[in-house]
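The structure under discussion appears below in the form of structure tokens.
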Amino acid sequence: MRTRSLSIAYIVRDPLPPLRADVLTLFGAEMPRHGVHTELVGQRGAAPGAPWQGGGMHAVGSLAGRFASILAPLWDALGLLRAARRVRPDCIQVRDKVASAWLGLVAARLLRVPFVYWMSFPIVEGFEARRDALRGRGRGPAWLGHAVRARASRLLLYRMVLPRASHLFVQSEAMRAWLAGQGIALDRMTPVPMGVDAALFDRTSIAPSQDPRLDGRRVVLYLAGSPSRAAPTSCSRSPSGCARGCPRCCS
């Protein structure tokens, strides 16, 4: 028996076309095989990407713009409207955005469909880490702007959006437990660890390194953000502790 295909309107923080393996592989390849298609909504990036094969793509605005962070919620609202006109969503999902998450929640209520939030990173704690980093330079206009953003984001996400979301996808069991401490019910959260394309990273085809410096050692390579901003770090605490301890990963 053939079941009806489903459509997710998905607002992402990443530039479009998507380059991340979790978006390309999970939403672009695997889920369509099971009849779930995705209408991606977001902003254009500088790097070219492959055409989106998982459904439709609605890039409004550019991340390179000077006021992109301010205009992004309005751009996402327009992109979501375009996505809904193309195909009525069965679910609205937002990843790692705050103001756009509230807009997505409102749209889901109007359309009477579930609203899902995907937290791959504690974005509010990232804003707070950036605020704290700027405090050392004095409490000038830049610090004030980041302080207002951090405070408003905390109120909006933790008091208005997450308590009203139908479900949350989180990055790990640790993040799930941490959010439970924020008052989110455990049965409303599902951990989805970051993955890779198994077809490209087949362990049986990887030749072991011959570097003697690695003999007898377990090696973990961690790259956060762009290579120019990457720095070696150790984050063994909760997501909020990690965000506060590693401001370069949050800004």
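Scope of the values below: all heavy atoms of this structure, side chains included, with no hydrogens, waters or symmetry mates.
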- Task: Starting from the C-alpha separation in whole Å, work towards a yes-or-no answer on side-chain contact (heavy atoms from CB on, under 4.5 Å) for His37 and Leu6.
- Result: CA-CA 6 Å; His37 300 275; Leu6 300 177; over 6 Å; no
- side-chain contact (heavy atoms from CB on, under 4.5 Å) evaluation trace for Val94 with Phe115: CA-CA 8 Å; Val94 179; Phe115 171 79; 3.7 Å; yes
- Task: Take Ser153 and Ile123 through the test side-chain contact (heavy atoms from CB on, under 4.5 Å) and record every step on the way to the result.
- Result: CA-CA 9 Å; Ser153 296; Ile123 192 68; over 6 Å; no
- Please test Tyr158 against Val124 for side-chain contact (heavy atoms from CB on, under 4.5 Å), starting from the C-alpha separation and ending with a verdict. CA-CA 9 Å; Tyr158 289 119; Val124 171; 3.9 Å; yes
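Contact detail for Pro122 and Trp178: the closest heavy-atom pair is CB-CH2, 3.9 Å. Pairing each heavy atom of Arg188 with each of Pro163, the nearest pair is NH2-O, 3.6 Å. Across all their heavy atoms, Leu16 and Val41 have their closest contact at CD1-C, 3.8 Å. Closest approach of Ala108 and Pro114 over heavy atoms only: CB-O, 4.1 Å. Between Ala101 and Tyr117, the closest heavy-atom pair is CB-CE1, 3.7 Å. Residue Ile184 comes nearest to Met189 through the heavy atom pair O-CE, 3.6 Å, listed as atom of the first residue, atom of the second, then distance.
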Less than 3.5 Å apart, which donor and acceptor atoms pair up between the side chains of residues 17-24 and the rest of the protein, not counting sequence neighbours?
from  : atom 1 : to    : atom 2 : distance (Å)
Arg20 : NE     : Asp14 : OD2    : 3.3
Arg20 : NE     : Asp22 : OD1    : 3.3
Arg20 : NH1    : Asp14 : OD2    : 3.4
Asp22 : OD2    : Arg95 : NH1    : 2.7
Asp22 : OD2    : Arg95 : NH2    : 2.9

Only pairs under 3.5 Å count here: list side-chain donor-acceptor contacts from residues 76-84, not counting sequence neighbours, and write none if there are none.
from  : atom 1 : to     : atom 2 : distance (Å)
Asp76 : OD1    : Gln43  : NE2    : 2.9
Asp76 : OD1    : Lys97  : NZ     : 3.4
Asp76 : OD2    : Lys97  : NZ     : 2.7
Asp76 : OD2    : Ser100 : OG     : 2.6

Show me the donor-acceptor pairs, under 3.5 Å and distance only, between side chains in residues 49-68 and residues at least two apart or in other chains.
from  : atom 1 : to    : atom 2 : distance (Å)
Trp52 : NE1    : Thr38 : O      : 3.1
His58 : NE2    : Glu39 : OE1    : 2.7
Ser62 : OG     : Ala64 : N      : 3.1

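Residues Val170 and Val192 fail the side-chain proximity criterion, which asks for heavy atoms closer than 4.5 Å. By the 4.5 Å heavy-atom criterion applied to side chains, Ile8 and Pro89 are not counted as neighbours. Residues Trp102 and Met160 are in side-chain contact: their nearest non-hydrogen atoms beyond the backbone lie under 4.5 Å apart. Side chains of Met175 and Met119 form a contact here, defined as non-hydrogen atoms less than 4.5 Å apart. With contacts defined as side-chain heavy-atom distances shorter than 4.5 Å, the pair Val113/Ile92 qualifies. The side-chain heavy atoms of Leu105 and Arg164, taken from C-beta on, include a pair separated by under 4.5 Å. You'll find the side chain of Gln93 reaches within 4.5 Å of the side chain of Phe169, heavy atoms only. Counting heavy atoms from C-beta on, the side chains of Trp143 and Arg131 come closer than 4.5 Å.
Side-chain N or O atoms of Arg176 include none that pairs as donor or acceptor with a backbone N or O of Thr190 at under 3.5 Å. Between the side chain of Asp96 and the main chain of Arg13, no donor-acceptor pair closer than 3.5 Å is present.
At a threshold of 4.5 Å between side-chain heavy atoms, the hydrophobic network of Ile, Leu, Val, Met, Phe, Trp and Tyr places Leu155 and Val148 in two separate groups. Tracing side-chain contacts under 4.5 Å through hydrophobic residues (I, L, V, M, F, W, Y), one never reaches Val36 starting from Val87; they form parts of separate clusters. By the criterion of side-chain heavy atoms lying less than 4.5 angstrom apart, applied directly or through intervening Ile, Leu, Val, Met, Phe, Trp or Tyr residues, Phe121 is grouped together with Leu156 in one hydrophobic cluster. Under the 4.5 Å side-chain heavy-atom criterion for grouping Ile, Leu, Val, Met, Phe, Trp and Tyr, Ile70 is connected to Trp75 within one hydrophobic cluster.
Contact check on Arg154 versus Glu125 returns a salt bridge, with a Lys/Arg side-chain nitrogen under 4.0 Å from an Asp/Glu carboxylate oxygen.
The line from CG of Leu40 to CD1 of Ile11 is 10.5 Å long, rounded to the nearest 0.5 Å. In this structure, NE2 in His34 is found 14.0 Å from OG in Ser5, a value given to the nearest 0.5 Å.
The 12-atom threshold is exceeded at CZ of Arg135, counting heavy atoms of other residues, nucleotides or ligands nearer than 6.0 Å.
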